[in-house]
Structures are given as C-alpha cells and as structure tokens.
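Keep in mind that the numbers below use all heavy atoms, side chains included, and drop hydrogens, waters and symmetry copies. For clarity, every value in this text was computed on a predicted model and none was experimentally measured.
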Amino acid sequence: MNIENILAEEVKAAVSSLFGTEENVILQPTRREFEGNYTYVFFGLVKSLKRAPAEIGAALGDYLVSRSTLVSGYNVVQGFLNLKLADRVWLDVFRALKAGPQPAAKNRKVLVEYSSPNTNKPLHLGHLRNNFLGYSVSEILKAAGYDVTRACLVNDRGIHICKSMVAYRHFGNGETPGSSGLKGDHLVGKYYVEFDKAYKTQIHELMAGGMAEEEAKKAAPFMVEAQEMLVQWEQNDPAVIQLWQKLNGWVYEGFNATYKKIGVDFDKTYYESDTYLLGKDIVEEGLQKGVFYKKDDNSVWIDLTDKGLDHKLVLRGDGTSVYITQDLGTTDLKFRDFHCDKSIWVVGNEQDYHFKVLFAILEKLGRSYAAGCYHLSYGMVDLPSGKMKSREGTVVDADELVEEMIATSKAITEEKGKTEGFSDEQLEALYRMVALGALKYYLLKVEPKKRMLFNPAESIDFQGNTGPFIQYTHARIRSILRKSGFGSFPVPAEMEVLNPEEVDLIFLLKDYDKVVEAAAAEYSPALIANYVYDLAKTFNSFYTQHSVLNEASETLRFFRLSLIEEVSDVIRKGMGLLGIEVPEKM
RNA sequence: GGUUCCGUAGCUCAGUUGGAUAGAGCAACAGAUUUCUAAUCUGUGGGUCGCAGGUUCGAAUCCUGCCGGGAUCACCA
C-alpha cells in the first residue's frame with residue numbers, strides 16, 4: 001500500500017464523515033509554487049454541496065490534521081486542498097524504499113522481436129532506434145516482472161539479397177572484407193549500391209533504344225539476372241547457395257561487431273530462409289474454415305472489409321508465399337516455441353497496415369494468442385533533407401555515427417581534464433559508455449510513435465537533458481559515497497526534520513516502480529528517460545544547496561548518504577532499462 | 001481520395017484518469033566555484049498549445065469540422 005493510496009482513503013473518509021457523500025478521491029502532486037505534497041481538487045464538492053470552497057477546504061483540512069496520521073498541515077486555494085505530510089511519514093516511506101521490495105513476478109511470458117535486419121546493407125540510424133527500443137522495452141518488461149525472450153528475425157533471403165549477389169558476381173573480382181579492409185556488411189552494402197547504379201544505367205540504355213520505362217525496368221539484364229538467381233536459390237543451386245552463404249557470412253560478422261559495440265543482443269535468432277515457406281498450411285486451414293476464399297486464378301484472399309480493411313491476398317496464384325503468408329507461419333512458430341502470452345513486434349510505422357491485417361487474420365482464424373499480439377510501431381528518423389534512402393546513399397551509417405560519438409566523447413572528456421588515475425582501458429570504456437549514453441538517450445527520450453528529426457550537422461548534446469548529464473550525476477554521487485569511507489549506508493534510526501529538497505528526492509524515488517509499470521504497460525522507454533532525468537535534475541539542485549560530507553550533524557550526514565545512495569541506485573537501474581551504463585567516475 | 005499517426009517557445013521535446021499562472025533542454029543574455037566533480041546550479045527574455053466550434057465550474061488534454069505534415073492503401077518485404 002503506497003502513501004498516496006492511504007492518503008486518498010483518508011481524504012475519502014473525511015469527505016464521507018463531514019459531508020455524507022462518497023467521492024472518488026484522486027490526488028495529484030502539489031505544484032511547486034504551492035506549499036504541500038498532495039493536492040485534492042474538490043470543485044465537484046463545491047458544486048454538489050453549494051458551499052464556499054474556503055469553507056469546505058478548511059473543514060477537510062482541519063479534520064485531516066486532527067485525525068490523520070499523515071497530514072501535518074494544509075492550505076486552500078480556490079477548490080484546491082494542498083496537504084502537507086509530516087517529515088516522519090516521508091522518512092517511513094524512504095525506509096520502506098531502502099528495504100527494497102522487488103516487484104512481483106507476473107508469471108507471464110513475453111516475446112519481443114526487434115532489429116530484424118536485411119542482410120544486404122549495413123545498419124543505419126533508423127535501425128539504431130529500433131534496436132535500442134527493442135532492447136529497452138525488453139529490459140523494462142523484465143523489470144516489471146515479465147518473463148522476456150528477445151528475438152531477432154533476420155531477413156536473409158529474397159530479391160534484394162540477390163541484387164547484392166548479382167553485382168558482386170559481376171564486379172567483385174574476389175574482393176573480401178580482408179582484402180578491402182571493409183566491414184563485411186559494408187562490403188555487401190557497397191555491391192547493393194553498385195547494383196542499383198548499373199541497373200539504372202541499363203534502364204536508361206533500353207529507354208534510349210525506344211523501350212517504355214515500365215518494360216525497361218523488367219527487361220534490364222541485371223533485374224532479369226536477379227530474378228533468375230532468386231529462382232535458383234529456391235532450387236538450392238549449389239553455386240548460388242555458396243555465394244549467398246559467403247556474402248551473408250560477411251554480413252553477420254559485420255552485424256555482430258556492431259551489435260557488440262552498441263551493447264545489443266538476442267536470446268533467439270530466426271532466419272527467414274528457414275521460415276519463409278511456413279504459413280502455407282495455415283492458408284489451407286483458413287480455406288477449410290471458410291475464412292479465406294480462392295479466386296479463379298487460384299490465388300487465395302481474405303475479406304477484411306468488416307474490420308475496416310480491404311480484401312487481402314494471402315497466397316499467390318502460383319502457390320508461392322507473400323509477406324503475410326510468412327508472418328502467419330512465423331507467428332505460429334514463435335508461439336509454439338515459447339508459449340508466450342504476449343508477442344511484441346518492434347517495427348516501423350510504415351508497416352502499421354501490415355500488422356493490422358496480420359492481427360485481424362489471426363483473430364479470424366481463432367488463434368487464442370491473437371489478443372496478445374502487439375505491434376510496437378515507431379516513427380522514422382528523418383534527416384533535414386527528408387527520408388533516409390539506403391539506395392541513394394543518404395543514410396546516417398550506424399558504425400560511423402557511433403565512432404563519431406566516441407570521438408566527441410573523448411574530446412569532451414579530455415577537455416574536462418578529470419580523468420586522473422584512469423588506465424587506458426578505463427578511458428576507452430568511459431568514452432564508449434558516454435558516447436552510447438548520449439546516443440541511446442537521444443533516441444529513447446522521444447515517445448516511440450513520434451517521428452524524429454536528426455540533424456547530422458548538429459552533434460548530439462552532452463549537456464542538459466542528455467545521457468551524459470545523468471551519467472555525470474551518478475558519478476558525482478558515487479564520488480561522495482567513496483569519499484565517505486563507508487561501504488554501506490543504512491537509514492539512521494532517529495531523524496526528525498527534512499528539508500524540502502530531501503522530500504523532493506524521496507517523493508521521486510517512491511515513484512520508480514510505478515513509472516516502470518507504466519513504461520511496461522505503454523512500451524515506452526521515454527517515460528523512464530523522463531523520470532531519470534527529473535531525478536538527476538532534482539539531485540543536482542539538492543547538491544548545490546546542501547552538503548553531505550560537510551554536514552555537521554552526524555545523523556543528518558548518515559541520512560543524506562543513505563538518501564543519495566538510493567538516488568544513485570535508481571539512476572543506475574533506470575538507465576539500465578534504457579540499455580545505458582553509468583560510470584563511477586567521469 | 002480512403003485509412004492512420006502527428007501538430008505545444010527560434011530549435012529538440014515533456015505535459016498522468018480534464019485542474020491552479022502550460023514546463024524542461026538547446027540557443028541568447030546575466031550571475032554562482034577558498035566548500036562533497038561547473039558535463040553542474042540560479043535567474044532573465046521567449047507561447048493565439050495548427051484553426052474554428054462544442055461538452056463544463058474548468059480543455060493542450062474529450063467530441064466535431066477544417067488546415068498542415070508523415071506513413072500506408074502491391075500477387076515487394
């Protein structure tokens with residue numbers, strides 16, 4: 001039972017006792033410019049009782065001060081009753097926090113799928129948002145008591161992969177990551193761009209020869225070759241498979257290096273080359289259940305007009321799969337593999353329609369798990385010039401961006417000149433920690449569904465509402481704790497008076513579990529980011545006004561050590577939910 | 001055109017189930033360090049919460065319409 005609920009019950013009882021009405025009492029934190037901790041808004045009573053606000057407020061306030069074990073004072077402004085709780089109450093709240101009860105396990109399994117890269121090009125800034133979101137949401141769900149499995153579905157086959165392969169076959173000359181000095185994913189990405197360039201030239205040549213554009217796009221030799229290669233791949237042609245394995249192998253080496261660098265990983269990896277044929281039996285099932293229907297050309301469809309959607313193809317006339325066919329199959333597979341209660345797809349909002357269709361079909365098929373499916377849709381990361389397009393080379397490359405961030409982090413750290421006693425390894429670790437802290441926080445502090453703008457000309461900040469600000473705050477606290485000479489920081493048994501800044505900190509600290517719960521319910525790391533920022537900011541304000549180690553009263557000194565230790569713990573835990581590490585020193 | 005998401009300070013973003021004078025950061029300006037880390041703190045200026053109606057004691061928040069922007073509406077994934 002938290003303090004807010006207890007207080008709300010007391011207020012409710014007071015209203016009932018004084019005015020004989022049952023009100024649904026909702027409290028809100030008192031705004032900073034007023035005295036008090038919680039505010040009860042009672043305009044409703046003013047109206048129903050037809051009595052003056054001042055009179056009602058005073059009656060309630062007096063009643064609570066005399067009867068409540070919590071309330072020590074109050075003031076009334078119009079229809080607002082501001083209640084101040086006794087310092088003793090806040091100390092009790094803090095003691096309970098320090099005891100550190102864990103959130104109860106929910107005994108529910110959740111599968112979170114994210115990253116899901118294509119193996120024809122390196123990761124870019126948009127993928128980073130996806131990876132950080134997926135990782136963070138997984139951590140948040142774990143913290144909220146769910147049993148989480150993190151999955152990645154690698155898009156390792158299809159016409160786009162064949163394009164890189166065609167270009168490599170023509171222009172590769174046996175180039176390898178070793179011979180070129182390029183990371184494997186960048187090398188393959190280079191050939192994907194090469195394909196596009198050559199293909200466009202071919203189209204122009206054909207059009208110059210009098211062919212219509214539509215026809216030229218289909219007839220261009222490279223496109224013909226890629227189509228043929230896809231067929232050969234599906235027929236297990238040894239030469240094609242060998243080439244495919246070679247290029248994909250390079251890409252995986254590159255991806256793994258990137259994942260390692262950005263601190264992202266998975267519990268389970270699915271490959272589309274293993275799963276792309278799944279789903280055809282579900283189409284058969286749907287036909288038998290009468291959920292799907294067949295057209296004259298043998299293609300299979302579903303009518304979703306009753307859901308406000310359209311008629312949707314689920315299997316081609318020639319019997320081959322489309323995207324939705326595969327997803328029906330892999331979704332069944334995922335629920336079979338993990339028996340999860342919920343499955344979350346972290347995928348960009350460009351696929352909103354696809355997931356609506358997918359979930360609608362699952363529901364019509366009577367899948368019991370359909371209600372547990374959720375598309376965590378997030379907005380694109382745009383550049384000032386517009387959308388990132390990998391074929392046109394207008395992307396912010398993930399590896400390059402991370403390296404730039406590390407270089408910036410290094411430059412700023414050196415400029416601050418506070419790294420005495422760091423070993424070279426510790427310095428490298430710090431540069432990376434701060435760089436990734438800045439980048440991850442930047443991408444996660446915005447509500448997922450909102451699209452966001454990234455201006456490469458303006459580097460990501462290290463001051464203000466940023467990851468490094470919070471990391472710095474943590475380092476500051478840890479520094480004080482180290483210098484105190486103690487190893488643990490219990491709450492003193494006797495403590496009487498608190499200053500407002502201390503109450504502010506306790507007030508925030510008690511909300512941590514609630515914020516985690518809300519972030520889990522809404523799949524929103526932004527809530528965590530905002531909360532941790534608020535806590536760090538509040539601490540820094542406290543820090544400038546009150547000393548910990550130089551405090552004359554020993555009791556107060558111990559109390560503050562205990563308080564700021566809790567602050568640093570919550571900062572570390574909260575940042576951990578964002579996938580961000582915090583340093584002991586910086 | 002249909003569907004859907006978004007629109008808050010010059011810029012990037014917060015804003016709980018409807019509550020008090022709409023908040024942070026960046027940028028600009030003015031201050032704070034013999035004192036636990038100044039990647040910090042304090043202050044100043046900066047707003048028609050896209051527009052117009054409606055609901056009510058009260059609307060950035062809920063409803064309707066309009067304007068602007070994104071995404072999507074493939075036998076691509």
Can you tell me, in whole Å, how much space there is between the [atom1] of [N] and that of [M]?
N: B:rU56; M: B:rU61; atom1: P; answer: 16 Å
N: B:rA60; M: B:rC76; atom1: P; answer: 49 Å
N: B:rG46; M: B:rA22; atom1: C1'; answer: 14 Å
N: B:rC5; M: B:rA52; atom1: C1'; answer: 22 Å
N: B:rG54; M: B:rU16; atom1: C1'; answer: 25 Å
N: B:rC63; M: B:rG19; atom1: P; answer: 15 Å
N: B:rC62; M: B:rG15; atom1: P; answer: 13 Å

Relative to the ring of A:Tyr442, is the ring of A:Phe454 parallel (under 30°), tilted (30 to 60°) or perpendicular (over 60°)?
-> perpendicular
Can you figure out which of [options] approaches the side chain of [X] most closely?
X: A:Val41; options: B:rU37, B:rG19, B:rC76; answer: B:rG19
X: A:Pro29; options: B:rC73, B:rG7, B:rU16; answer: B:rU16
X: A:Lys356; options: B:rU3, B:rU12, B:rU37; answer: B:rU3

Indicate whether A:Phe43 forms a stack on B:rG19; treat it as stacked only if centroid distance is below 5.5 angstrom and interplanar angle below 30 degrees.
-> yes
To the nearest 0.5 Å, how far apart are OG in A:Ser299 and CG in A:Leu315?
-> 8.5 Å
Contacts of type salt bridge (Lys or Arg N to Asp or Glu O under 4.0 Å), residue A:Glu23, not counting sequence neighbours = none
Going by modelled atom types, is there a donor-acceptor pair between the base of [N] and the side chain of [X] at under 3.5 Å?
X: A:Asn455; N: B:rC11; value: no
X: A:Thr39; N: B:rA20; value: yes
X: A:Asp382; N: B:rA71; value: no

Quick one: is [N] close enough that its OP1 or OP2 comes under 4.0 Å of any side-chain N or O from [X]?
X: A:Arg31; N: B:rG23; value: yes
X: A:Lys416; N: B:rU40; value: no
X: A:Ser479; N: B:rU37; value: yes

Around A:Glu502, counting heavy atoms of other residues, nucleotides and ligands shown, do more than 12 lie under 6.0 Å from its CD?
-> yes
What do you reckon, is NZ of A:Lys410 surrounded by more than 12 foreign heavy atoms closer than 6.0 Å?
-> no
Reading RNA chain B 5' to 3', what string of ( ), [ ], | and . shows its pairs, if Watson-Crick and G-U wobble pairs count only when both distances fall under 3.5 Å?
-> (((((((..((((.....[...)))).(((((.......))))).....(((((..]....))))))))))))....
